[in-house]
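To keep things clear, I will list the structure first and then write my remarks on it.
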Amino acid sequence: MPMEAPTAEQLAAALAARIIHDAIGPANGVVSAFDMASDPAMSAMRDEALSLAEQGARALLENLVLARTIYGAGGAALSESELTAAAKGLFNGSRASLQLVIDPAAITVGSGRLLLGLLQITAGVMAAGGRVAAGLSGGERVLIEIEAIGPKPRLGVDLRLALGGEVPESGLASRWAPAYFLSLLARSRGGLIATRVGDRQVSIRATLDAP
């Protein structure tokens, strides 16, 4: 049975926990790499350590910029090229491939945030690999459609509940908080998020009021 909606403070705490979780890995990598570079016994690996530190720092920056874009307040809409680059960045190093089609007329602050947030979730759902086709289109309604096909899609019941705007029985854990936030974002713009799951396929469809 779904639980009652969280307070603003509870949702903020859960989102903060998720953002911190995503940042800790790259941050630890940077610290470890600098520890290696400063160890005299590891001098032969100094260049490799500095390269690892740079990679970790870039990953940390990308995570923080993405979090600011999705969860930040207001700001300007991303351009088509910026939105495309950010979306493809979510699949860097992923086993899943992304095909993306964006209608520039459908880009707003809200639609851009929602598209990136849903693709971030999809990248996690398709951790075992596969193909993801996503589109952002306009018209009477703004429409985001994501179709993912792969061997082991992992869009579980709790995640689907959160995307639909309900709190799972297990409570609003940090891993469900982004999905619940996206459902609120869609509803605040007159829309909703719907999901469909098959043996090898996941579909996510979000609608928003036209700008």
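By convention here, the first residue in the shown sequence is residue 1.
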Side-chain atoms of residues 87-106: list all donor-acceptor pairs with protein atoms under 3.5 Å, sequence neighbours left out, distances to 0.1 Å.
unit_1 : atom_1 : unit_2 : atom_2 : d
S94    : OG     : A96    : N      : 3.0
D103   : OD1    : A105   : N      : 3.0
D103   : OD2    : G138   : N      : 3.3

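For residues 197-211, the pairs satisfying salt bridge (charged side-chain N to carboxylate O under 4.0 Å, His left out) are R141-D209, E145-R205, with sequence neighbours left out.
Contact annotation: the side chain of P178 approaches that of L15 to within less than 4.5 Å [non-hydrogen atoms, C-beta and beyond]. Annotation: side chain of V132 is in contact with side chain of M126 (closest heavy-atom distance under 4.5 Å). A heavy-atom distance below 4.5 Å is not found between the side chains of I193 and T207. Residues P6 and V167 form a side-chain contact, since some pair of their non-hydrogen atoms from C-beta on lies under 4.5 Å apart. Between S183 and L163, every side-chain heavy-atom pair lies at or beyond the 4.5 Å cut-off. In this structure, L159 and V125 have side chains that are in contact, with non-hydrogen atoms separated by less than 4.5 Å.
The backbone N or O of G29 lies less than 3.5 Å from no partner atom in the side chain of S32, so there is not a single donor-acceptor pair. For Q10 (side chain) and T7 (main-chain N/O), a donor-acceptor pair under 3.5 Å exists by modelled atom type. In this structure a side-chain-to-backbone donor-acceptor pair under 3.5 Å is present from T69 to V65. Side chain of N63 to backbone of D22: a donor-acceptor contact under 3.5 angstrom is found.
Ion pairing between a basic and an acidic side chain is recognised when a charged N comes within 4.0 Å of a carboxylate O; E54 and R58 show such pairing.
Atom CZ in R189 sits 7.5 Å away from atom CG in L208 (nearest 0.5 Å). Once rounded to the nearest 0.5 Å, the distance linking CG of D47 with CG of L52 reads 11.0 Å. Residue I121 holds its CD1 atom at 6.5 Å from CD1 of I204, rounded to the nearest 0.5 Å.
The side chain to side chain contact (heavy atoms under 4.5 Å, CB included) search around A162 returns W176, A179, Y180, not counting sequence neighbours. Partners of R175 by salt bridge (charged side-chain N to carboxylate O under 4.0 Å, His left out), not counting sequence neighbours: none found. When the salt bridge (charged side-chain N to carboxylate O under 4.0 Å, His left out) test is applied to E82, no partner is found at least two apart in sequence or on another chain. Contacts of R46 classified as side chain to side chain contact (heavy atoms under 4.5 Å, CB included), with partners at least two apart in sequence or in another chain: A37, L50.
Judged by distance alone, the side chains of S111 and T108 do bring a donor and an acceptor atom under 3.5 Å apart.
Residues L184 and L116 share a single hydrophobic cluster, defined by chaining ILVMFWY side chains whose heavy atoms lie under 4.5 Å apart.
Shown here for A57 and V30, the closest heavy-atom pair between the two residues is N-CG2, 3.3 Å.
Considering I144, V142, I70 as possible partners of L115, the one that fulfils the side chain to side chain contact (heavy atoms under 4.5 Å, CB included) test is I144.
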